[in-house]
Amino acid sequence: MPRRAAEDPQLALHDLTEAMPVTEDQIRSAVERAVVDTYRRLTGDEAEIRAVVDLRGAHWELFRTEDGVETPAPVANPEFPRLAAAAVRTAVAELADEGTRKRVLGAAAAKHGQLVDAIVERPAGQGWYVDAGGIPGLLPPEERIPGEQLERHQHLKVVILEGRSRTHDAVLVVSRSHPLLLHRLLEQEVPELQNGQVVVRGIARDPGRRSKVAVEAPGGDIDPQGACIGPRGVRQRAVTSELGAEQVQIVAWAPQREQYVKNALIPAAVDDVNIDEETHTAHVTVAPSQLSLAIGRGGENARLAAKLTGWRIDIAAPAEA
């Protein structure tokens, strides 16, 4: 016999197609299976059972076929409507979860490495849940900028790393600490990076503190550092404004290893660089007045230069050498 939505509001499901990443046919099929399975479980009827669900009209009917004759299926158990409604809720929830999971994982694959404007939503332990362009995202603790204070409804730039499937859903994993974020922020501000006149050769980042970016102009017809810094530093400031207190140094990449190491140690002036292939070490000589600048606070400048160039860097003043 027909069951109306007034008797069971959970079966008025047509409007869910607007809010869920599934089609009306998928919802209808899930509801029909749930109703039929509930009927079989309660009655033990082994005949062919068919449910007809009208989502728009908000009602459903059951039919059984025996000896080639289809008739309305008798529903004598008074618990059937309630149990069927519970089964429908579960089936639709699972369908929604799977639809959302597919949508999120699909977006992760399509948008991997992209820069998006995210809105901070709520804490997730030491991380935060965010709205990453209309898709649920997670900023894990290891992808946060150390010391950065976040608040609900705050807008911030993040880079999409991957999709992470969980028990009932999936999320986009986004990052504020990955070097790719810095790369994308530079591309956003520097037209020469977008059109290929300037390319990024390497990034070494200590999130929240300091970063070094090596750039080159393959055509040799433009100053790559100047392009990234911009007139009066406007482009560089636009990038650092998205990173809090983090300092960003633009380094000129060089094909000569010695020159590249020299450039990477800015702002220190380097007198000489000798490469030891066997130990993979760059022995650097600086004036005594430049020693602390070359090493940096806590060894930070030398450490970032080593990460950028790929060489172990040993720094000494002439007297020590």
Side-chain angles (χ1 to χ4, degrees), residues 1-112 121-122 124-125 129-138 160-173:
M1 60 183 292
R3 296 285 174 175
R4 299 293 302 177
E7 296 177 59
D8 184 8
Q10 295 300 330
L11 292 179
L13 298 170
H14 173 254
D15 291 342
L16 288 178
T17 59
E18 300 297 323
M20 290 167 48
V22 292
T23 67
E24 184 174 322
D25 286 341
Q26 288 175 312
I27 292 178
R28 181 183 295 105
S29 295
V31 172
E32 290 173 350
R33 286 194 301 271
V35 172
V36 169
D37 290 346
T38 303
Y39 179 83
R40 288 188 182 282
R41 190 169 62 252
L42 286 177
T43 64
D45 195 335
E46 296 183 355
E48 179 184 337
I49 306 298
R50 182 172 67 93
V52 177
V53 176
D54 180 0
L55 299 181
R56 295 179 183 273
H59 70 269
W60 55 267
E61 296 179 87
L62 276 174
F63 298 90
R64 68 189 301 274
T65 299
E66 193 169 27
D67 297 330
V69 178
E70 184 177 74
T71 58
V75 182
N77 193 321
E79 288 294 293
F80 175 67
R82 181 182 65 82
L83 295 176
V88 166
R89 287 195 297 271
T90 299
V92 172
E94 291 174 351
L95 183 65
D97 289 345
E98 185 58 28
T100 299
R101 180 182 290 107
K102 289 180 178 179
R103 180 171 71 94
V104 171
L105 296 179
K111 298 184 177 184
H112 171 73
E121 292 189 326
R122 65 187 188 280
Y129 286 112
V130 300
D131 179 341
I135 301 173
L138 174 66
I160 295 175
L161 296 186
E162 63 178 358
R164 181 176 296 175
S165 184
R166 306 189 297 187
T167 303
H168 297 295
D169 61 5
V171 292
L172 290 180
V173 177

Using the test salt bridge (Lys or Arg N to Asp or Glu O under 4.0 Å), find all partners of D37 that sit at least two apart in sequence or belong to another chain.
-> none
Is the closest side-chain heavy-atom distance between V104 and R164 below 4.5 Å?
-> no
Close side-chain approach of E61 and P72, heavy atoms under 4.5 Å = no
Below 4.5 Å, heavy atoms only, C-beta onward: do K111 and L172 meet side chain to side chain?
-> no
Side chains of L83 and Y39: closer than 4.5 Å at any heavy-atom pair?
-> no
Nearest-0.5 Å distance that lies between atom CD1 in I27 and atom CD in E32 = 12.0 Å
For the student: nearest non-hydrogen atoms of A124 and Y129, plus distance | CB-CE1, 3.4 Å
Go through the steps for R41 and T38 under the test side-chain contact (heavy atoms from CB on, under 4.5 Å), then give the verdict.
-> CA-CA 5 Å; R41 190 169 62 252; T38 303; 3.8 Å; yes
Between L62 and V35, is any pair of side-chain heavy atoms under 4.5 Å apart?
-> yes
Could you pull out the closest heavy-atom pair between R166 and V171, with the gap in Å?
-> NH2-CG1, 3.4 Å
Which atom of D131 lies closest to which atom of E121, heavy atoms considered | CB-OE2, 3.5 Å
To the nearest 0.5 Å, how far apart are CG in D169 and CZ in R101?
-> 7.0 Å
Shortest non-hydrogen contact between P136 and A170, atoms and distance = CG-O, 4.2 Å
Looking only at heavy atoms, what is the nearest atom pair of A91 and A34, with distance?
-> CB-CB, 4.1 Å
Could you pull out the closest heavy-atom pair between A107 and I135, with the gap in Å?
-> CB-CD1, 3.3 Å
Pairs satisfying side chain to side chain donor-acceptor pair (under 3.5 Å), at least one member in residues 62-75, at least two apart | D45-R64, R50-E70, R64-E66
E46: salt bridge (Lys or Arg N to Asp or Glu O under 4.0 Å) partners, not counting sequence neighbours | none
